[in-house]
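All chains are named by letter (A, B, ...) in the order of the sequence lines, taking the proteins before the strands, and each is independently numbered beginning at 1.
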Protein chains: 2
Amino acid sequence: MARTVKGPDARRERWKGHREQRRAEFVDATIAAVAKKGPDVGMDDVAAEAGVSKPVLYRHFTDKADLYLAVGQKATEVLMDRMGPALAADGSIRDRIERIVDAYLSVIEENPNLYRFVVKGSFADRPVEKDVVAEDKNLIAATLARIIGDYLRAFDMDSGGAEPWAHALVGMVQNAGDWWLDRQTMSRANLSDYLATIIWHALDGLLRSAGVEIDPATPLTPLRLVD
Amino acid sequence: MARTVKGPDARRERWKGHREQRRAEFVDATIAAVAKKGPDVGMDDVAAEAGVSKPVLYRHFTDKADLYLAVGQKATEVLMDRMGPALAADGSIRDRIERIVDAYLSVIEENPNLYRFVVKGSFADRPVEKDVVAEDKNLIAATLARIIGDYLRAFDMDSGGAEPWAHALVGMVQNAGDWWLDRQTMSRANLSDYLATIIWHALDGLLRSAGVEIDPATPLTPLRLVD
DNA sequence: AGTAACCGTTACCTCAAGTAACACTTACCG
DNA sequence: CGGTAAGTGTTACTTGAGGTAACGGTTACT
């Protein structure tokens with residue numbers, strides 16, 4: 001019964017920010033460990049990298065899955081930071097698509113180990129329950145779905161396809177990027193161009209079939225894309 | 001029987017077929033175990049399902065990864081068996097695309113547990129080395145790449161994009177299917193239609209930009225698609 | 001002074017993958 | 001027929017990584 005209902009004991013709040021910072025520190029250590037020892041690092045490796053022993057890690061992450069999830073979120077942040085400007089930028093539609101795609105590719109190109117770790121390594125033995133990467137893909141797809149839906153509605157078109165479209169696009173770019181990262185048989189610019197071409201044509205065809213004509217070079221930006 | 005070959009020593013050959021059969025049997029047991037106990041089965045579970053103890057399993061599969069790989073290959077066979085006819089079928093291009101996509105979706109719809117096991121469960125703790133699902137995706141993508149490349153060359157177009165195209169398409173359908181399987185918010189036919197629309201428009205746009213016009217309803221089949 | 005939060009350690013537990021050692025069966029070979 | 005190369009199977013073990021227990025030290029609010 002030590003839980004006296006006094007005022008908000010400052011001792012409880014004092015660390016609020018500190019804990020966050022510590023988690024971030026361990027996430028960084030994990031990323032460093034991954035870079036050093038490949039994508040199959042264990043908790044001991046991570047702890048060692050952070051200059052600490054295992055139990056300390058477990059005070060901040062309930063689970064290996066929890067740690068991996070945090071790493072995934074960090075990676076998503078990096079990704080979003082890079083893609084945000086591309087999403088918001090102006091310019092022709094075709095160019096903007098290409099820039100967004102290229103932003104994604106540039107991130108995975110710069111952090112191949114981290115990328116593999118997040119996308120492939122996933123939860124080592126814990127079952128499907130908490131899929132690490134699914135969360136992030138869903139976040140991106142959801143963002144995209146909103147944008148696409150807004151566009152479709154702006155043109156008075158059926159917006160029911162926005163979600164499948166978004167997931168289709170995410171999978172498309174992700175898988176093509178994955179392949180590219182493994183066997184780098186073409187330049188990044190080249191792949192970005194191919195992918196953007198597919199996407200642009202799909203979009204253009206869809207609009208055409210609804211009677212809307214868009215010039216690929218039109219700098220049209222009828223909607224605010226990001227809040 | 002009556003395998004009376006006067007070769008070197010028939011004792012070595014006698015089992016050749018039998019081993020294959022036994023492996024297949026264990027693969028089936030794994031699939032059954034997955035259906036029963038979810039995608040996170042262990043080797044003991046599989047062995048029990050097969051009515052056998054663990055070491056027997058390890059006489060036929062070097063590894064957990066090896067077993068999983070075999071399961072993945074089996075799943076790919078199922079998939080290919082279903083998609084083969086759709087690939088070879090005649091009919092309009094737009095219809096054929098839709099039929100291929102729908103064939104894929106029907107397979108994952110009918111075997112959701114197996115699908116999840118293969119695509120997500122992957123290698124439990126063995127590192128990235130032998131990615132289970134990557135092999136299968138690559139196989140499908142390679143098949144597709146050949147078809148696309150043949151088409152592009154038939155129209156005297158740059159065929160360098162065939163491979164990225166193929167991987168993009170595979171990722172697109174796979175990810176959209178994945179999403180659909182989780183939250184079934186639309187009918188399969190509906191999703192097939194959306195995806196086929198995207199693909200068709202992308203294809204049509206590509207051809208248009210090269211000066212080729214194709215009617216979506218044209219039953220054109222200029223190439224044999226499967227050997 | 002008391003105590004609630006953190007810091008950190010070493011030594012342990014657990015559980016599933018994988019192995020050792022041992023015994024039985026079949027059927028080809030000389 | 002004895003020998004042997006394959007396969008059948010078992011129980012009981014080792015190993016390694018995830019995760020925990022129990023202990024002690026430090027800071028700073030009350």
Side-chain angles (χ1 to χ4, degrees), chain A residues 1-23 25-26 29-30 33 37-69 121-127 129-130, chain B residues 1-23 25-26 29-30 33 37-69 121-127 129-130:
Chain A
M1 264 328 222
R3 198 74 193 82
T4 52
V5 204
K6 281 284 186 71
D9 189 336
R11 272 170 297 190
R12 232 172 54 242
E13 305 297 312
R14 196 174 42 142
W15 301 95
K16 274 281 161 83
H18 188 255
R19 290 186 56 92
E20 292 293 313
Q21 189 183 340
R22 209 75 212 288
R23 271 180 71 104
E25 181 186 314
F26 286 129
T30 307
K37 314 194 58 170
D40 54 340
V41 285
M43 295 302 261
D44 283 307
D45 299 299
V46 172
E49 177 68 35
V52 137
S53 66
K54 245 189 320 180
V56 180
L57 219 49
Y58 281 96
R59 289 229 187 75
H60 296 271
F61 301 90
T62 69
D63 228 345
K64 187 180 179 175
D66 190 25
L67 172 60
Y68 283 17
L69 188 67
S122 293
F123 49 98
D125 55 352
R126 280 297 166 203
E129 312 289 287
K130 277 284 176 194
Chain B
M1 284 313 226
R3 197 75 189 84
T4 56
V5 177
K6 51 203 66 180
D9 188 340
R11 272 170 297 188
R12 230 172 57 243
E13 304 298 311
R14 197 174 42 144
W15 301 95
K16 276 280 161 85
H18 187 254
R19 289 185 58 90
E20 292 293 313
Q21 189 182 341
R22 208 77 212 287
R23 270 178 73 102
E25 182 185 314
F26 286 130
T30 307
K37 313 194 60 170
D40 54 341
V41 285
M43 294 302 259
D44 283 307
D45 298 300
V46 172
E49 177 68 34
V52 137
S53 67
K54 242 189 324 178
V56 180
L57 219 50
Y58 281 96
R59 289 227 188 77
H60 296 270
F61 301 90
T62 69
D63 228 345
K64 187 179 178 176
D66 190 25
L67 172 61
Y68 283 17
L69 188 66
S122 294
F123 50 99
D125 54 354
R126 280 297 165 201
E129 312 291 286
K130 278 283 175 195

Side chain proximity check, B/Val46 to B/Lys64, heavy atoms < 4.5 angstrom
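Not in contact.
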
Starting at atom [atom1] of [X], determine the distance to atom [atom2] of [N], rounded to an integer number of angstrom.
X       : N      : atom1 : atom2 : result
B/Glu25 : D/dG9  : CD    : P     : 8 Å
B/Asp44 : C/dT19 : CG    : P     : 14 Å
A/Met43 : D/dA17 : CE    : P     : 13 Å
A/Asp45 : D/dG19 : CG    : P     : 14 Å
B/Leu67 : C/dG18 : CG    : P     : 10 Å
B/Leu57 : D/dG7  : CG    : C1'   : 15 Å
B/Lys37 : C/dA16 : NZ    : P     : 10 Å
B/Tyr68 : C/dA17 : OH    : C1'   : 10 Å

Residue met sooner reading DNA chain D from 5', once A/Val41 and B/Arg22 are mapped to nucleotides:
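It is B/Arg22, whose closest nucleotide lies nearer the 5' terminus.
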
Heavy-atom closest contact (A/Ala47 atom, A/Lys54 atom, distance)
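Looks like CB-N, 3.9 Å.
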
Indicate the atoms forming the closest heavy-atom contact of A/Leu57 with A/Met43, along with that distance.
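Taking A/Leu57 first and A/Met43 second, the nearest heavy atoms are CD2-O, 3.8 Å.
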
What about A/Lys54, does its side chain sit under 3.5 Å from the base of D/dG19 through a donor-acceptor pair?
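Yes.
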
OP1 or OP2 of [N] under 4.0 Å from side-chain N/O of [X]:
X       : N     : answer
A/Ser53 : C/dG8 : no
B/His60 : D/dG9 : no
B/Arg19 : D/dT8 : no

Please determine if A/Arg23 and A/Glu20 form a salt bridge, counting it only when a charged side-chain N lies under 4.0 Å from a carboxylate O.
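Salt bridge absent between A/Arg23 and A/Glu20.
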
What is the nucleic acid contact for B/Arg59, judged by heavy atoms within less than 4.0 Å: base, sugar-phosphate only, or nothing?
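B/Arg59: base contact, heavy atoms under 4.0 Å.
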
Identify which nucleotide among [options] has an atom closest to any side-chain atom of [X], counting heavy atoms from C-beta outward.
X       : options                : answer
A/Tyr58 : C/dA17, D/dT8, D/dT20  : D/dT20
A/Pro55 : C/dT19, D/dT20, D/dT10 : D/dT20
A/Asp63 : C/dA17, C/dC7, D/dG19  : D/dG19

A/His60 vs A/Phe26 aromatic rings, parallel, tilted or perpendicular, using cut-offs 30° and 60°?
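It falls in the tilted class, 30° to 60°.
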
